[in-house]
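Notes follow once the structure below has been shown.
Heavy-atom basis, side chains included; hydrogens, waters and symmetry copies ignored. All ligand and atom numbering here is 1-based and tracks the order in the structure.
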Amino acid sequence: MEELKKLLFSGDAENLAREVGRLLGEGTAPDKILNEGLIAGMGVVGGKFKNNEIFIPEVLISADAMQAGMKVLEPRLIEAGVRPIAKVVIGTVKGDLHDIGKNLVSMMLKGSGFQIEDCGIDVPAQKFIETINKSEAQILAMSSLLTTSMPAMKSTIEELEQNGLRGKVKIMVGGAPITEGFAREIGADGYGKDAVEAVDLAKGFLKIGVS
Ligand code: B1M
């Protein structure tokens, strides 16, 4: 597990995938590899990012390595019946094409055991609604990088209300122009300043019950 964490931290995707395969081959339980190796490793990455010891490019490289490890691990997790801790629908709101931050949040959430339904960019409210309905997700995560796309977060929340879904999902918002005050004003349940805060927030929702 220590080796996995090291490979994840150094972003060595190829060797990480190989090491996951090797551990599976010698009979290590898939959930042990996930929780004690990959998720624990991403926790270290998140902690260092929070403390400004590493920066966005390093986090992205580690997240890529995590994805490579997950590709090998995922079929075995499914076989073993290991379930994600919750489902998150994520997207950049209507009118906005920025996705680097949204992808980072998505990868960190995945790295923490959440299942992600990524709606992509320029996402209209109806698309969020359809995806929430289809996936039965417990959390909606919306990103906006433009002051001009911020109102789309508010209108999406209003449409969720009109569709009777508001009480069924916790909503978090984030992105460079978003503030705690704005999140409160539009009726979101939380605001994440960065990808690490987004993960903490999502885990916090689980503690208070997300359904
Ligand atoms: Co655009 N752009 N851009 N751009 N762009 C900004 C955002 C801008 C601040 C640049 C500037 O003028 N200084 C400015 C917005 C100004 C404003 O609204 N006040 C701007 C503009 C104006 C535009 C265009 C309108 C330019 C034009 O065409 N005239 C245009 C808009 C297109 C559109 O969306 N409709 C445009 C286009 C683009 C590119 C396509 C060229 C490209 C995007 C490529 C892509 O995303 N695939 C781009 C880029 C790269 C930027 C900058 C330079 C970088 C954004 C970025 O990726 N940051 C940006 C200036 C800047 O920020 N320095 C800028 C890195 C990323 C990791 O950070 O996304 O903030 P960020 O995510 C963080 C947190 O915010 C948070 O976690 C992340 C990790 O810590 N976070 C969340 C994000 N989402 C979250 C969700 C959460 C929680 C946390 O919970 C759900």
Quick one: which ligand 1 atoms are inside 4.0 Å of a heavy atom on [X]?
X      : value
Gly175 : 75 (O), 81 (N), 82 (C), 83 (C), 84 (N), 85 (C)
Asp96  : 34 (O)
Met142 : 86 (C), 91 (C)
Ala141 : 91 (C)
Gly174 : 82 (C), 84 (N), 85 (C), 86 (C), 87 (C), 88 (C), 89 (C), 90 (O), 91 (C)
Val173 : 87 (C), 90 (O), 91 (C)
Ala195 : 77 (O), 79 (C), 80 (O)
Lys193 : 74 (C), 76 (C)

For atom CD of Glu136, decide whether the heavy atoms of other residues, nucleotides or ligands shown that lie under 6.0 angstrom number more than 12. no
Heavy-atom neighbours of Glu14 CD exceed 12 at 6.0 Å: no
Exercise check, heavy-atom protein proximity under 4.0 Å to [atom]:
atom                    : value
atom 48 (C) of ligand 1 : yes
atom 13 (N) of ligand 1 : no
atom 53 (C) of ligand 1 : no
atom 79 (C) of ligand 1 : yes
atom 87 (C) of ligand 1 : yes
atom 24 (C) of ligand 1 : no
atom 39 (C) of ligand 1 : no
atom 28 (O) of ligand 1 : no

Among protein heavy atoms, which lies nearest [atom], and at what distance?
atom                    : value
atom 16 (C) of ligand 1 : Leu146 CD2, 4.5 Å
atom 17 (C) of ligand 1 : Thr147 OG1, 3.7 Å
atom 35 (N) of ligand 1 : Gly95 O, 3.1 Å
atom 1 (Co) of ligand 1 : His98 NE2, 2.1 Å
atom 89 (C) of ligand 1 : Gly192 O, 3.1 Å
atom 84 (N) of ligand 1 : Ser143 OG, 2.8 Å
atom 65 (C) of ligand 1 : Ile100 CG2, 4.4 Å
atom 71 (P) of ligand 1 : Gly101 CA, 4.0 Å

Could you work out, for atom 33 (C) of ligand 1, the closest of Leu97, Leu201, Leu109 by heavy-atom distance? Leu97
Which is closest to atom 7 (C) of ligand 1 in terms of heavy atoms, Asp99, Val93, Leu145, Ile56? Leu145
Backbone N or O of [Y] within a donor-acceptor pair of the [X] side chain at under 3.5 Å?
X      : Y      : result
Asp96  : Leu146 : yes
Thr92  : Leu97  : no
Glu159 : Ser155 : no
Tyr191 : Met172 : no
Thr28  : Leu24  : no
Ser62  : Val59  : no
Arg166 : Gly187 : yes

Compute the minimum heavy-atom distance from Pro177 to ligand 1 and say whether it is under 4.0 Å. no
Look at ligand 1 and say whether Glu197 reaches it with a heavy atom at a distance under 4.0 Å. no
Presence of salt bridge, Glu158 and Lys154, under 4.0 angstrom: yes
Are Ile121 and Ile129 co-members of a hydrophobic cluster defined by side-chain heavy atoms under 4.5 Å apart? no
Within one Ile-Leu-Val-Met-Phe-Trp-Tyr cluster: Val93 and Leu145, side-chain cutoff 4.5 Å: no
Identify the two heavy atoms, one from [X] and one from [Y], that lie closest to each other, and give their separation to 0.1 Å.
X      : Y      : result
Val123 : Gly91  : CG2-CA, 4.3 Å
Met108 : Val196 : CE-CG2, 4.2 Å
Leu109 : Ala202 : CD2-CB, 3.8 Å
Met66  : Lys110 : CE-O, 4.1 Å

I want to know if ligand 1 touches Lys102 in the polar sense, i.e. an N/O pair below 3.5 angstrom. no
Thr148 N/O under 3.5 Å from ligand 1 N/O: no
What part of Leu104, side chain, backbone, both or neither, has a heavy atom within less than 4.0 angstrom of ligand 1? side chain
So for Val105 against ligand 1, with non-hydrogen atoms under 4.0 Å, the contacting part is side chain
Which is it for Met42 and Ile39 under the side chain to side chain contact (heavy atoms under 4.5 Å, CB included) test, yes or no, and what are the steps along the way? CA-CA 5 Å; Met42 276 314 271; Ile39 292 181; 5.7 Å; no
Evaluate Glu130 against Lys127 for salt bridge (Lys or Arg N to Asp or Glu O under 4.0 Å), listing each step before the verdict. CA-CA 5 Å; Glu130 277 164 28; Lys127 168 92 177 159; 5.7 Å; no
